[in-house]
Amino acid sequence: MARSTKQGAAPGGKQRGRGAGSRPTAGRPAAGRPRKAPAPQGAAGRSDLIEGRRAVDEALAAGMPLKSALVAAPTGRQDRELERLAERLEGRGVAVERVPRSRLDQLSSHGAHQGVVVRTKPFQYAQLSDVVRAAGEGDALVIVLDHVTDEGNFGAIVRTAEVVGAAGVVIANARAAKVGVGAYKTSAGAVLHIPIAQVANLPRALEQLKEAGFWACASTEHAEADVWGAPMGGRLALVMGSEGSGISRLVLEKCDFAAKLPQRGRVESLNVAQATTVMAYEWLRRVSTGD
């Protein structure tokens, strides 16, 4: 069933996949400024290394897959806290190697390794086809992130996606936050329970999602329609822009309509993670109530 061009429910009061009808429209804001590349992550700029006792402890608590650990060899009085951390790592099946502190100094990005550096296992990203497969044939939500760079925001968005039952999250494979210790922590481990697809071309990914029956919604404060009046149910690809630049022109051109969150306060807007939560729950409300 095609959606109506009005900002609301499709004929019959329900919103399904794409059909032969006209696309809904809600204005096209201008493209944002060029984005800056995110700062390197991990020890010595390597995203697969975690250094410092607290960071390693958080990685263990979040259930992050760890490959191996380098722990400073004792040179005098035993460091009981470090020994307990080494025992926890070994208890999780992580290979622990005792090395001189000089080796840890070479790996450290800021000299505060506190006697431990851990190498993570590569995260297994999904293919876009895996996300489409997880969406099935009926109502489904896919969250598409247009170069969100903050790992904390990224993890929080993945957590929201998993909680509302989204089919998956789609991210760019460059100039964007990836799954690291910060994402494991802020997602509360949700990165392990939902497909996260990396793609080289976000506009093309949106085209493929639309071929699979999704409508693409651009979340932007420049939209004419607010989220309450926009057709937010059915098969929806919710596009969220980067923290500084919003949604790029090329991605925006692939969206069928845009929607914004109404506000009464003085602060400019919610951050991308908070905004995603509100809009994702509006999708869930629509598909749960049939509005």
Side-chain angles (χ1 to χ4, degrees), residues 38-127 130-131 134 148-166 168-169 171 173 176-198 273:
Q41 303 174 25
R46 291 184 53 171
S47 60
D48 65 337
L49 298 182
I50 302 169
E51 63 176 295
R53 300 181 189 187
R54 181 174 180 179
V56 172
D57 183 70
E58 290 174 348
L60 285 166
M64 190 171 187
L66 305 177
K67 182 178 181 180
S68 60
L70 301 179
V71 176
T75 57
R77 185 176 179 181
Q78 187 182 51
D79 187 333
R80 294 185 178 181
E81 181 184 352
L82 185 59
E83 288 303 314
R84 284 194 292 268
L85 184 56
E87 290 173 0
R88 288 182 62 199
L89 288 164
E90 289 175 330
R92 283 276 299 274
V94 179
V96 175
E97 181 183 356
R98 305 285 179 167
V99 299
R101 282 186 174 268
S102 59
R103 184 173 174 188
L104 299 177
D105 293 338
Q106 292 173 350
L107 290 171
S108 177
S109 62
H110 47 68
H113 53 74
Q114 299 174 306
V116 59
V117 173
V118 170
R119 178 170 286 109
T120 65
K121 293 181 180 178
F123 182 78
Q124 298 300 309
Y125 290 96
Q127 300 294 319
D130 298 322
V131 175
V148 169
T149 58
D150 183 87
E151 198 174 274
N153 282 337
F154 172 50
I157 290 169
V158 173
R159 183 174 185 174
T160 289
E162 201 282 329
V163 168
V164 302
V169 177
I171 64 175
N173 63 5
K178 296 177 173 59
V179 178
V181 64
Y184 273 92
K185 181 181 177 183
T186 55
S187 75
V191 293
L192 298 172
H193 304 296
I194 185 171
I196 300 174
Q198 272 189 328

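Predicted model only: the values in this text are computed from it and were never measured.
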Open item on the list: I'd like to know if the side chain of S187 reaches the main chain of G155, judged simply by a donor and an acceptor atom lying under 3.5 Å from each other, with no hydrogens or angles considered.
Closed with: no
- [ ] Supply the atom-to-atom distance R119 CZ to D48 CG, rounded to the nearest 0.5 angstrom.
- [x] 5.5 Å
- [ ] Please answer whether the main-chain N or O of P195 pairs with a side-chain N or O of Y125 as donor and acceptor at a distance below 3.5 Å.
- [x] no
Open item on the list: So, using side-chain contact (heavy atoms from CB on, under 4.5 Å) as the criterion, who are the partners of E90 when residues are at least two apart?
Closed with: V96
Open item on the list: If you define the side chain from C-beta out and look only at heavy atoms, does anything of K185 sit under 4.5 Å from M64?
Closed with: no
Task: Sequence-distant partners of R77, salt bridge (charged side-chain N to carboxylate O under 4.0 Å, His left out), two or more places apart - done: none
Task: Residues forming a side-chain contact (heavy atoms from CB on, under 4.5 Å) with A273, sequence neighbours excluded - done: N153, A156, I157, N271
TODO: Evaluate the side chain to side chain contact (heavy atoms under 4.5 Å, CB included) criterion for residues I196 and V158: first the C-alpha distance (whole Å), next the side-chain angles of each, then the deciding distance (0.1 Å), finally the verdict.
DONE: CA-CA 8 Å; I196 300 174; V158 173; 4.1 Å; yes
Open item on the list: For D57, give me all partners under side-chain contact (heavy atoms from CB on, under 4.5 Å), at least two apart in sequence or on another chain.
Closed with: R88
Open item on the list: Testing the basics here: between L104 and V116, what is the closest heavy-atom pair and its distance to 0.1 Å?
Closed with: CD1-N, 4.0 Å
Task: Qualifying residues under side-chain contact (heavy atoms from CB on, under 4.5 Å), relative to A188, sequence neighbours excluded - done: R159
Task: side chain to side chain donor-acceptor pair (under 3.5 Å) against D105, all qualifying residues, sequence neighbours excluded - done: H113
Open item on the list: R92: which residues meet the side chain to side chain donor-acceptor pair (under 3.5 Å) condition with it, sequence neighbours left out?
Closed with: none
Task: Min side-chain heavy-atom separation T120-L49 under 4.5 Å - done: no
Open item on the list: My understanding is that only residues two or more places apart in sequence, or in another chain, count here; which of them pass side chain to side chain donor-acceptor pair (under 3.5 Å) with E97?
Closed with: R103
Task: Test salt bridge (charged side-chain N to carboxylate O under 4.0 Å, His left out) applied to R53 - qualifying residues, sequence neighbours left out - done: D79, E81
- [ ] Mind listing the closest non-hydrogen atom pair of A161 and V169 along with its distance?
- [x] CB-CG2, 3.7 Å
TODO: Indicate the atoms forming the closest heavy-atom contact of A55 with I50, along with that distance.
DONE: CB-CG2, 3.6 Å
Open item on the list: In the structure I gave you, are the side-chain heavy atoms of F154 and T186 within less than 4.5 Å of one another anywhere?
Closed with: no
Open item on the list: Under the rule for salt bridge (charged side-chain N to carboxylate O under 4.0 Å, His left out), what residues qualify as partners of E83, not counting sequence neighbours?
Closed with: R98
TODO: Provide the closest heavy-atom pair for L89 versus A69 in the form atom of the first, atom of the second, distance.
DONE: CD1-CB, 3.8 Å
Open item on the list: One pair to check against side chain to side chain contact (heavy atoms under 4.5 Å, CB included): V56 and V117. What are the steps and the verdict?
Closed with: CA-CA 8 Å; V56 172; V117 173; over 6 Å; no
- [ ] Write down the atom of G63, the atom of Y184, and the distance for their closest heavy-atom approach.
- [x] O-CE2, 4.3 Å
Task: salt bridge (charged side-chain N to carboxylate O under 4.0 Å, His left out) partners of D150, counting only residues at least two apart - done: none
TODO: Check V179 against A183 and note the closest heavy-atom contact, atom names and distance.
DONE: CA-CB, 4.1 Å
Task: Approximate separation, where rounding is to 0.5 Å, of L82 CG and R80 CZ - done: 13.5 Å
TODO: For E151 and G182, indicate whether the former's side chain and the latter's backbone hold a donor-acceptor pair under 3.5 Å.
DONE: yes
TODO: Tell me, please, which residues at least two apart from R101 pass side chain to side chain donor-acceptor pair (under 3.5 Å).
DONE: none
